[in-house]
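Working notes, structure below.
Excluded from the calculations below are hydrogen atoms, water molecules and symmetry mates; all remaining heavy atoms, backbone and side chain alike, are included. Everything numeric in this text was worked out from a predicted model, so none of it was measured. Just follow the structure's listing: the first ligand is 1, and inside any ligand the first atom is 1. In this chain, numbering begins with 1 at the start of the sequence shown.
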Amino acid sequence: MIKFENVSKEYNNNVRALTNVSLDIRKGEFVFLVGSSGAGKSTIIKLLLKEEEPTEGKIILNDMDITKVRNRRIPYIRRNIGVVFQDFRLLPNKTVYENVAFAMEIIGVHPKEIRRNVPMVLSMVDLSRKASSFPDQLSGGERQRVSIARAIVNSPPVLIADEPTGNLDPETAWEIMRALSEINGRGTTVLMATHAKDIVNHMKKRVIEINEGKIVRDEQKGGYGDGI
Ligand code: ADP
Ligand code: ADP
């Protein structure tokens with residue numbers, strides 16, 4: 001589903017963010033991407049979203065070589081990936097319902113399908129009661145669940161979560177992990193960048209660790225730091 005073949009990335013200031021990274025994530029996997037700040041996690045995510053281009057190497061997403069995809073087809077790639085960010089990135093002037101519906105409107109989904117799918121995903125993340133609330137009326141965990149609903153409403157095969165629990169207390173973080181696990185259980189491939197050692201150690205999923213732009217560990221049922 002996601003494949004990096006000898007990918008290197010050098011930013012304009014000659015910072016080598018990634019060196020010869022190869023990885024292969026199969027459909028339906030749940031993978032933690034771990035490593036200290038500056039290790040290269042966000043760069044991997046930006047390359048997948050085509051916000052940055054690799055200096056060398058090849059990136060395959062859902063059987064498509066995205067390094068060869070022309071700019072006008074970028075929206076098509078982004079439909080294949082749902083993204084959840086640490087800071088939620090919800091539209092403050094739209095309700096919960098509208099935030100999720102908007103993700104479908106901008107890609108031209110038929111209104112009938114929008115009316116059917118939005119309530120369905122809101123119920124999946126247990127937010128049906130909050131459909132008419134605005135983001136600032138929600139708790140952090142609820143906001144993150146809205147952003148998860150928005151990320152999956154178009155049924156992308158891949159869900160990327162960049163530090164999704166970074167702004168949440170531990171209990172709320174587990175709520176988010178339950179939601180991500182459930183989505184993964186329905187067949188979505190999940191790649192989650194995180195520093196949250198407790199979560200990684202408890203989930204016993206595949207762990208890819210990156211350090212100074214190189215993959216230093218790739219383990220099934222791995223851990224991270226103290227308590228392995
Ligand atoms: P992480 O997400 O693991 O914290 P990043 O991928 O953000 O790591 O960063 C990897 C390296 O690339 C760091 O040295 C960082 O300073 C550098 N870097 C990240 N983004 C840019 C950019 N836009 N321009 C220049 N250097 C960058
Ligand atoms: P239209 O397709 O004409 O926009 P919709 O039924 O999709 O009609 O929605 C109209 C408005 O009603 C939306 O902007 C949304 O805010 C609100 N709305 C629709 N369904 C719900 C719902 N289940 N919960 C809360 N608000 C809703």
### Message
Check this for me: Asn13, atom CG, are more than 12 non-hydrogen atoms of other residues, nucleotides or ligands nearer than 6.0 Å?
### Response
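Yes, the 6.0 Å shell around CG holds more than 12 heavy atoms from other groups.
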
### Pairing residues for Tyr76 by the side-chain hydrogen bond (donor to acceptor under 3.5 Å, both in side chains) criterion, not counting sequence neighbours
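Partners of Tyr76 by the side-chain hydrogen bond (donor to acceptor under 3.5 Å, both in side chains) criterion come out as none, since no residue qualifies.
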
## Note on the structure
Across all chains, not counting sequence neighbours, the side-chain hydrogen bond (donor to acceptor under 3.5 Å, both in side chains) partners of Arg145 are Glu175

### Query
Which atom pair, heavy atoms only, marks the closest approach of Met203 to Ser181?
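So the two residues come closest at CE-OG, 3.3 Å.
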
#### Entry: Arg178/Glu182 under salt bridge (charged side-chain N to carboxylate O under 4.0 Å, His left out): CA gap, chis, key distance, verdict
CA-CA 6 Å; Arg178 271 195 297 277; Glu182 190 183 324; over 6 Å; no

### Query
Can you list every salt bridge (charged side-chain N to carboxylate O under 4.0 Å, His left out) pair that touches residues 10-27, not counting sequence neighbours?
Glu10-Arg16

### Message
I'd like the contact residues of ligand 1, where contact means a heavy atom below 4.0 Å.
### Response
Tyr11, Asn13, Val15, Ala17, Ser36, Ser37, Gly38, Ala39, Gly40, Lys41, Ser42, Thr43

